[in-house]
Number of protein chains: 2
Amino acid sequence: MKTRTSREADLSAQIAGAIRDAIVDGTLIVDERLPSEAELAEQFDVSRPTVREALKRLAAQSLIRTARGAFGGAFVRRLSYEEAYGQHITTATLLLGMNDVSFETACEARYALERACAPIATARRDPDHLATMRAEIHRQAQPGLSDESFCDSDVTFHRALVDAAGNPVLSYQLAGAVEAMQPLMNMITFTARSREEIVGLHTRITDALEARDAGAAETALHALEAYTLTLGRGVMAARASNGAD
Amino acid sequence: MKTRTSREADLSAQIAGAIRDAIVDGTLIVDERLPSEAELAEQFDVSRPTVREALKRLAAQSLIRTARGAFGGAFVRRLSYEEAYGQHITTATLLLGMNDVSFETACEARYALERACAPIATARRDPDHLATMRAEIHRQAQPGLSDESFCDSDVTFHRALVDAAGNPVLSYQLAGAVEAMQPLMNMITFTARSREEIVGLHTRITDALEARDAGAAETALHALEAYTLTLGRGVMAARASNGAD
DNA sequence: TTACATTTAAATGTCTGACATTTTGGGCGC
DNA sequence: GCGCCCAAAATGTCAGACATTTAAATGTAA
């Protein structure tokens with residue numbers, strides 16, 4: 001009989017899975033060089049293109065990097081925070097965009113997570129974080145700012161707040177939630193009045209951090225969540241009535 | 001944010017990036033069929049293997065699925081929560097394993113996130129979640145349980161706590177933090193005394209949820225974090241002195 | 001001996017062409 | 001009308017070749 005493998009998956013997926021498992025469980029160490037494509041092909045008894053497809057799958061997950069030339073090849077890659085951020089954000093954005101996640105649910109999750117790091121941030125914040133936050137607040141108060149730039153600044157502000165906790169694992173988790181909200185936030189048209197309100201709340205948050213007052217920070221974040229929710233619901237309602245016309 | 005497609009990258013990476021952008025920004029709808037490999041090859045002016053490598057990259061990120069046969073081809077895939085969990089956990093585990101994240105940092109992040117959903121969980125918990133948590137507590141109190149099973153039960157308990165918040169976005173974010181801690185937690189040998197302590201804290205948490213007492217839940221989680229940290233530090237100290245021999 | 005230019009080998013990146021496998025749909029015979 | 005078989009279309013896989021890149025090895029001149 002033919003080699004009907006127990007797994008239904010493709011050969012390339014099997015090979016990718018085998019190598020990934022070796023990386024995850026530590027058999028392959030960071031910066032270790034994998035065998036060449038020709039050697040892998042012989043080892044798994046498949047052709048080189050199949051091995052290549054498997055390696056591309058791993059490269060797509062940032063598990064390996066490849067270098068050309070002599071002494072090149074595929075190497076186990078140290079997953080950096082930046083790459084992990086990127087993947088996390090892509091996944092989270094798609095998850096929100098494809099699964100009809102309500103604005104309320106996304107908003108609740110985001111601010112719950114931000115409140116989680118607020119107490120830590122109040123304890124650890126340093127002048128740099130405060131300076132970044134104040135700078136973004138200043139930018140948000142500029143009259144001529146486009147909605148998109150306002151949202152960008154908002155993201156930068158919140159990431160500074162998260163980074164102030166000084167915990168990269170926390171930053172990693174939070175980055176996905178904050179950035180994935182971007183497409184939803186971009187739907188909102190910020191009036192001068194709502195910007196003023198948001199700038200005020202951002203100032204309260206920053207002041208609380210500066211004063212190392214965790215309770216005040218949490219309260220301000222609650223207020224910001226409530227206000228964001230109000231704005232979002234307004235947009236949803238307007239959109240619904242437009243769609244019904 | 002600029003487009004991720006850089007001209008420096010490989011051809012297959014460029015093509016994968018172009019298609020990914022089309023999916024992320026909504027140009028390609030869920031379940032829409034992509035052109036066949038031959039058509040894509042002509043469209044991008046590359047050969048079929050190159051297109052295939054690009055498609056494998058996307059398949060590795062669960063962005064597309066492929067079907068063979070007459071009406072087969074590549075289709076945009078609806079990213080499910082389960083797949084997103086899986087990717088998130090893989091990435092988070094690698095991030096912790098490869099970057100010398102300290103037990104303290106991981107522990108702090110995890111419990112901060114859990115405390116974030118505690119208030120929501122106290123408001124929304126239903127009898128099913130409480131039953132799951134009680135069942136796991138009962139299991140954890142069994143004398144003959146292996147350390148590994150104890151850890152598994154611990155994960156199940158905490159995921160029930162997170163799921164009790166009834167917010168899938170929050171569950172998605174938390175799953176990564178809780179599961180990624182597993183390898184670190186597995187290093188700990190739980191004595192009968194420490195298990196008793198943990199079971200007691202788990203009971204306090206469950207009682208707080210049942211009583212809808214957010215403050216008590218938060219306090220208990222703080223205590224559990226402190227105790228977990230103590231255990232972890234003990235293991236680290238023992239390991240360090242062994243390594244110095 | 002040292003510094004620099006050149007060669008060379010090893011590996012990935014890409015292409016061409018072919019064949020195998022799987023699935024659908026329609027034609028053909030009964 | 002029903003069922004069987006075959007063709008078409010698409011992906012999965014393979015084989016071989018050539019192009020490109022990179023760093024080490026080698027040769028040469030000051």
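Below, chains carry the letters A, B, ... as their sequence lines are ordered, and counting in each starts from 1.
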Do B/Arg159's NZ or CZ and the ring of B/Tyr85 fall within the cation-pi criteria of under 6.0 Å and 45°? yes
Any chance you could measure A/Leu55, atom CG, to A/Ser12, atom OG, to the nearest 0.5 Å? 10.0 Å
So, does A/Thr90 use its side chain to make a donor-acceptor pair with the main chain of A/Gly86 at under 3.5 Å? yes
For C/dT12, does either OP1 or OP2 sit under 4.0 Å from a side-chain N or O belonging to A/Arg52? no
Which whole-number value in Å describes the distance from B/Leu34 CG to D/dA10 C1'? 13 Å
C/dT14 C1' sits how many Å from A/Glu37 CD, rounded? 11 Å
Between B/Arg110 and B/Glu114, is there a side-chain N and carboxylate O pair less than 4.0 Å apart? yes
List the protein contact pattern of nucleotides 14-21 of chain D with one symbol per nucleotide (5' to 3'): B for base contact, S for sugar-phosphate-only contact, - for none; contact means a heavy-atom distance under 4.0 Å. BS-B--BB
Salt bridge A/Arg77-A/Asp31, side-chain N to carboxylate O under 4.0 Å: no
What's A/Arg33 touching, base or sugar-phosphate or nothing? Going by heavy atoms closer than 4.0 Å. sugar-phosphate
Tell me: CD1 of B/Ile15 to C1' of C/dT14, nearest whole Å? 11 Å
Per nearest nucleotide of DNA chain D, the residue lying toward the 5' end, A/Phe71 or B/Lys56, is B/Lys56
Using atom CD1 of B/Ile64 as one end and atom P of D/dA10 as the other, report the distance to the nearest whole Å. 16 Å
Considering only C/dT14, D/dT11, D/dT13, which nucleotide approaches the side chain of B/Asp10 most closely? C/dT14
Verify the contact: side-chain N or O of A/Thr66 to OP1 or OP2 of C/dG13, cut-off strictly under 4.0 Å; return yes or no. yes
B/Leu58 CG to D/dT11 P, straight-line distance once rounded to whole Å: 14 Å
I would like to know whether B/Glu53 and B/Lys56 meet salt bridge (Lys or Arg N to Asp or Glu O under 4.0 Å); could you show each step before the answer? CA-CA 5 Å; B/Glu53 290 182 0; B/Lys56 291 302 173 192; over 6 Å; no
